[in-house]
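Report on the following structure.
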Amino acid sequence: MQILIRSKTGIMLTEALVAVATLTIAIIALGTIINNSLSTLTVSRDYLIAENLLVEAEEVVEIVRDSNWLIVPSKKECWLTLDPLTNIGRELDQINCGPFDTNSNYIPVFENNHWLLKNNGLAALNLSPQNAETLNQYRILLRQTGNLTEYKQGIDSNEKSKFYRSINFSDPTDGEVANFEVKIQWLDGQKARTIKATVVLNNQL
């Protein structure tokens, strides 16, 4: 009888250990799945924000072009003046059609209730964990308006987002077509993620 009881006790202990081990493995697997899902959601959220920031920059360049058309309709060559409002009220011989530099990088800024492009005088945006602090001119800041979080460049804010944005023009050619590239970058751990788009802008509707 004693031998039988000891045998059953051993079997029950083995079953309990197997059950605990199985439960542990299941918890670890579930935790891994949840962690991977959260990481995927974070990456997806970042890409969604970056896509919106990229589209906004493309639209800002178009807004600057359209504003120049409205302000100086008689000087078609002024279509890419960086700040269209600088030409309001000027005589034709005083119209400023520049400066425009294909070797510079620009950021879109909403200032005094209108969009403009600012030349930050820096080299191309190439983000890495080592140079992030040196590229603050490209960095998009955050501004809270009630429950709304705004992503803005060129604003006075101490709250920084993880995103950096630049606009680079190439081949302004004959005054009729300009190519520009919008680049968004952000750090994901030690990895710099990038999305960009090249847009052809025409000096016509």
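The residues of the chain are indexed from 1 along the displayed sequence. Fair warning: this is a prediction, and the values are worked out from it, not measured in the lab.
Annotation: side chain of Leu53 is in contact with side chain of Ile140 (closest heavy-atom distance under 4.5 Å). Counting heavy atoms from C-beta outward, Leu117 and Phe169 have side chains that approach closer than 4.5 Å. A heavy-atom distance below 4.5 Å is not found between the side chains of Gln185 and Leu135. Side-chain contact between Leu82 and Leu116 is absent, with no heavy-atom pair separated by less than 4.5 Å. Side-chain contact between Leu142 and Tyr151: present, with at least one pair of heavy atoms (C-beta onward) separated by less than 4.5 Å. Side-chain contact check for Trp79 versus Leu201: some heavy-atom pair is nearer than 4.5 Å. Within the 4.5 Å cutoff, the side chain of Arg165 has no heavy atoms near those of the Ile107 side chain.
Exactly one residue among Ile184, Leu54, Leu187 makes a side chain to side chain contact (heavy atoms under 4.5 Å, CB included) with Phe163. That residue is Ile184. Checked options Gln137, Glu111, Gln153; the residue passing with Lys118 is Glu111 (criterion: side chain to side chain donor-acceptor pair (under 3.5 Å)).
Rounding to the nearest 0.5 Å gives a distance of 5.5 Å between CD of Glu56 and NZ of Lys152. For the atom pair CG (Leu85) and NE2 (His114), the distance works out to 3.5 Å, reported to the nearest 0.5 Å. Between the CZ atom of Arg139 and the CG atom of Leu125 there is a distance of 12.0 Å, given to the nearest 0.5 Å. Here the straight-line distance linking atom CD1 of Ile95 with atom OG1 of Thr81 works out to 8.0 Å at 0.5 Å rounding. Once rounded to the nearest 0.5 Å, the distance linking CD of Glu58 with CD1 of Ile63 reads 12.0 Å. Annotation: the span from Asp66 atom CG to Asn68 atom CG amounts to 9.0 Å, rounded to 0.5 Å.
Leu127 approaches Ala192 most closely through the heavy-atom pair O-CB, 3.4 Å. Closest approach of Trp69 and Asn202 over heavy atoms only: CZ2-O, 4.1 Å. Considering all non-hydrogen atoms of both residues, Pro84 and Ile71 come closest at O-CD1, 3.4 Å. Across every non-hydrogen atom of Asn131 and Asn126, the tightest pair is ND2-O, 2.8 Å. Contact record, Ala178 with Leu80: CB-CD1, 3.8 Å, taken as the closest heavy-atom pair.
Applying the salt bridge (charged side-chain N to carboxylate O under 4.0 Å, His left out) test to residues at least two apart or on different chains, the pairs with a partner in residues 44-54 are Asp46-Lys162.
At distances below 3.5 Å, not a single donor-acceptor pair connects side-chain atoms of Asn52 with backbone N or O atoms of Ile49.
Relative ring orientation between Tyr47 and Trp186 is described as perpendicular, the plane-to-plane angle rising above 60° on a 0-90° scale split at 30° and 60°.
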Next on the checklist: Determine whether Val61 and Ile167 satisfy the following criterion, side-chain contact (heavy atoms from CB on, under 4.5 Å), listing intermediate values before the conclusion.
Outcome noted: CA-CA 9 Å; Val61 178; Ile167 299 173; 3.9 Å; yes
